[in-house]
Each structure stands twice: as structure tokens, then as C-alpha cells.
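Let me begin by presenting the structure, written as C-alpha cells, before commenting on it.
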Amino acid sequence: MKNGLFDRFKPKESKFFPLLREMADVITEAASLIGDCVQASSHEEVVSIYKKIKEQEHKGDKIQNTIFTELNDTFITPFDREDIVSLAGTMDSVIDMINSSAKRIMLYSPKSLPESARVLALLLQDAASDIKSAINDLPNLKGKADSIRGACGHLNEIESKADDVYEHFLIDLFENEKDAIEVIKLKDILHEMERASDSAETVGKILKTIIIKYT
Amino acid sequence: MKNGLFDRFKPKESKFFPLLREMADVITEAASLIGDCVQASSHEEVVSIYKKIKEQEHKGDKIQNTIFTELNDTFITPFDREDIVSLAGTMDSVIDMINSSAKRIMLYSPKSLPESARVLALLLQDAASDIKSAINDLPNLKGKADSIRGACGHLNEIESKADDVYEHFLIDLFENEKDAIEVIKLKDILHEMERASDSAETVGKILKTIIIKYT
Amino acid sequence: MKNGLFDRFKPKESKFFPLLREMADVITEAASLIGDCVQASSHEEVVSIYKKIKEQEHKGDKIQNTIFTELNDTFITPFDREDIVSLAGTMDSVIDMINSSAKRIMLYSPKSLPESARVLALLLQDAASDIKSAINDLPNLKGKADSIRGACGHLNEIESKADDVYEHFLIDLFENEKDAIEVIKLKDILHEMERASDSAETVGKILKTIIIKYT
């Protein structure tokens, strides 16, 4: 599986950018599917959407594995190895958390999902679009630093909005939901969606660190 | 924002110690405020104390960011970069968890908080004082190694006490609280306080590693 | 406590393998005890088994500390320091999570444990045996790469089975358990057991990375 020695000395930067872009596409697809999932009208529909999200999650794992194997086979990388590892790992976490949000919706079958779940799904779609734009700009780090910084700032705002949405949901839940089992279900589902937006913000933080280091 | 080349070669140690001391002050202030929070007599008071803790949390984030930026701009650091990163990161986690404990008290509005919450807050105040003392000793690592080791040992004992308090709280909760929603609320709040003391112990572990490496 | 200079240059590989093997033995013992714990017929029996698991957890912590101290004292290590750190740390996490699963059974005293808890305990015992076999093969990495890869593949299958067991448990729990406090207890206990199998899988992933790097 190893490349020839000559091959290993050639700059392999080009390999990592397309892989990270694929990862951003997977996040975008998963975020779009979780939007469908929170609006599904039947358990069957939830199950079928969850299966699609699960496929994206497998895809994300595969891309991450390819990135790690490439890192071990490549002498020259566009950024420090550890930066690529943490960027790919955190992008994969966003996908994992979207996946486990959908899984909880499927497994718990709550009576209904609150409007906040729909708002969180929309925020995740916004976050996906910022991650995609920042990753597209990454190969041209110096020329696009401002644009990447803008996307990172936006990811930070989205996380803060998601936080607010989750807080208001919790206040409302504890004030109005008297069925303790529904409380457990809904709190668990929306908490996972909120964590996905935290991870999206962390992607932004890692990108900002990369900008500081390399520009 | 970058320093001149000459400046970057100058030992910059002095920068990191004051920043870590500021971080220790933020932990101390947050721990004192969570003590007020668990004793607040009205929801309004909880809200007003939470706002003050939130300010400390922002302050902690800022200090951590400054430390990370300084690390990227400085050639000579007093310890390995990774040690400073993990020390600052874990100190920030202590603040984050105190903040989220207070946030949960505010959002959940439990009927009342058990005595264990007050004991945990006192233990966090003890932990803060040990962290502060160890961080003050840090610039004089060789001369003060025993004193730092003492503080780390104390942080370990505090964590173990916090663990006991949390365990007894849980046993009592499941034996006596029949309202499942109160169980959810109280378990979540005290668990977060107990995690804050775990992070304080981790600060001690990182300090002990630094002592082993550099003395 | 430091070794002489000459001593520090001598290959110390031999130190790490026996320590990792001891850690694998602790995992095996803890996994066997959690099997007893989920089948215990009285609270007294649970308490007595938990104490034994707690002893294993202390043993795991001690071994991990010894490994970290050795790493600081040794110039030549069989693998990258970071690989040894993450391998030992993740093996310790498996023990920690088995310990906290048992602790929850003891503290929560659920009315009864579902069959799924017994199945998860058996899966943890399988995982322990794969970890043990892979760690035994580690000193002969090149000759035993296929055997280690096999154990890692098995750890991955076990995690996937544990996931399925936990999912079916959750569906059943939310369909049939109407006592919300029992829901909280059982979900918390089995979730921790499932997380232990996740960590066992992570041990396998770290081992696979080591194989890629060094063969």
C-alpha cells in the first residue's frame, strides 16, 4: 500500500484538500438530512432518513481513515500533521453528533419534537455551509484569510444562537412538560443537536489557529 | 500584531506566568460565585449571580486565547508548548464547568438544592485556592516543587471528597426523591459541579507532570 | 528516582510491554467482575463486587502513572511516546468505565437489570480477551501484525454488537418501562457499559495506527 520513495517526497498537499472538501460535503448532506428528520411525519420516515444519515456517517469515517493513512505515508503536508488530524477529527465529530441526534429521534420516538428542534437543524445547515466555504478557501490560505475568518466568526455566532435556542427550550420544557419520560427524551435529543453546533464552532477555532500559524 | 524578530527571541516566560495567574484568579472568583449561587434565595438572585459567572467565563476564554496566540508568537517558552496548552485548557475547563453548573441552576429552577450542593461549592473554593497557590509557585519550580506537590496532593483529596459527596447525594436522591423531573434536574446540576472538581484535580496532575519533567 | 545517565540510554522497551500486559490483565479482571456484578442477587453482593472492581481501577491508575513516569525517564521507547500515552490512557479508560458502570449499579440500586446488561458484560469480556491477545503480540509487531489486526477487527465487531444491544435495550425501555426514575437509572448504567466497549474499540484503533506506522 505504501507509495514509492520518490512519491513520498513529492508534495502531497493536493491530496488533503479534496479529502477535506469531501468531508465538508458529508457534513452538508447530513445537516440537510437532519432537517428532514425533525420534520418527518411518521416513524417509518424517521427510520428511512436515519439510514441515509448513517450512510453519511460511514462515509465520514472512511474519509477520516484515508486522511490518517495519507498522513502516515506523506512526508510533506500543507499544515502540521496535528492540525490536519484535529481538523478532520472535529469535522467527523460534527457528522457523528448529527448521526446520534437522528438515532435518538428514531430510538426514543418522542410524542412530538418542539419547534426548537427545527431551528437547531436550520442552524446546523448554516454551520455546514460556513464550514464548506472555509474549507474551499483553505488551499489559498493567504489570499482568502479574511474570507475564512469571516466564516469562523459566523460559526461562532451560530453556536451562540444554538445555545440560546437550547436554553429557551430547556426553560420551556421544565415549565410545561409534566411527563418525565418525555423530558428525558427531548432533553437528550436537543442536547445532542446543540453539541453538533459546538463541534462546528470548534472546526472554526481550529481553522483560526491554522490562519494564525501560516499567514 | 506580531512582535519584531528580536522580540520573538527574547525569553518570553514572564508573559505566561501572569496570564496563568489571571486564569487562577478567574477560577477563584467563579468558585466564590457558585457558592453564592447555590445559596441564593430567589430565582432573580440566581440569574444575577449567573451573569457574573458568565463574565468570568468570558474572561477565562480571552486569557486562554491570549495564551494560545502568545505561544504561536514566542520561540522560547518556560515549558513545552503542549504543557502550557493543556494547563491553560484544563484551567479553563474548571471555569466552564462552574459556569454550566450555575447555568443549569438558572435554567432548571429546581424546587430546592440539597446541602450537598453547598458542600461541593465549598470544595470548589478549596480547589481554587490550591490551584492559585500552585500557579503562584510555578515561576520558581525548583525551589517550590514541594509546595506545588502539596497543592496537587490536596487537589486529589478534594476530588475524592467531592466524589463521596456526589455519591451520597445520589443514594439519597434515588431513595427519597419521588419526583422524576426533580431527579433529572438535581442529578444534572450536581454532576456538573462534581466534574468541575475532576478538572481541578486534572490541573494538579498536569502540574505534577511538569514538576517531573523540569526538576 | 531518576536513573543514571547510562541507564537512560539503554533501550527500555522491555519496561513498557510488561506494564501494558499488566494493564490488559486489569481489564480482563474488571470485565470478569462486571459480569458477576450484573448477575448479583443482592445489594450486599453488588457492594462487595464493586469494591473489587474499584481495586482494579486503582491498579490501572498506578500502572498508567508508572508508564508516564517511565516515559519521562527513558530516551528510547519502542513506539512514539504519544502512541504509548494514548494506548495506556485508553486502556485505562476501559477500566474506568467498567468501574463507573458498577458504581452506578451500586448507587442507583435499580429494581432489576435487563438481560441486555448481561449481554453487554459478556461482550466486554470478549473485548478484554482481544485486547489481551493484541498486547501480548505487541513486542513482535512485524511477525504478529496479522494476528493484532485480527484482534482489532474483532474489537470493532464487538463494539458494533454492543451498539445494537444498547439500541434494542433503549427501544424496549421507552416502550415498556413506565417508571421514569427506573428509566433514568437503567439508561445511565447501560450507557456506561456501552461506552466501555467504545473505548475497547478505540484501543484497537490505536493499535492499528501503530501497525501502520511501524510495519
For this session: Take atom NZ of B:K144 as the centre, draw a 6.0 Å sphere, and report whether it contains more than 12 heavy atoms from other residues, nucleotides or ligands.
Result: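 Counting other residues, nucleotides and ligands, NZ of B:K144 stays at 12 neighbours or fewer.
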Exercise. Do other residues, nucleotides or ligands put more than 12 heavy atoms under 6.0 Å from the NZ atom of B:K54?
Worked result: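 Enclosed: over 12 neighbouring heavy atoms sit under 6.0 Å from NZ of B:K54.
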What's the separation between atom [atom1] in [X] and atom [atom2] in [Y], rounded to the nearest 0.5 Å?
X	Y	atom1	atom2	result
C:D73	B:K213	CG	NZ	12.5 Å
B:E167	C:K103	CD	NZ	4.0 Å
B:I212	C:L71	CD1	CG	11.0 Å
C:D188	B:H191	CG	NE2	8.0 Å

Exercise. Of the backbone (N, CA, C, O) and the side chain (C-beta and beyond), which part of B:D163 lies under 4.5 Å from a heavy atom of chain C, both, or neither?
Worked result: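 Side chain only.
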Exercise. For B:K187, is it the side chain, the backbone, both or neither that has a heavy atom under 4.5 Å from a heavy atom of chain C?
Worked result: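 Contact with chain C involves the side chain of B:K187 alone.
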Exercise. Heavy-atom distance under 4.5 Å to chain B: side chain of C:I184, backbone, both or neither?
Worked result: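 The side chain, not the backbone.
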For this session: Over all heavy atoms of both residues, which pair between C:I181 and B:E177 is shortest? Give the atoms and the distance, please.
Result: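 What the structure gives for the nearest pair is CD1-O, 3.5 Å.
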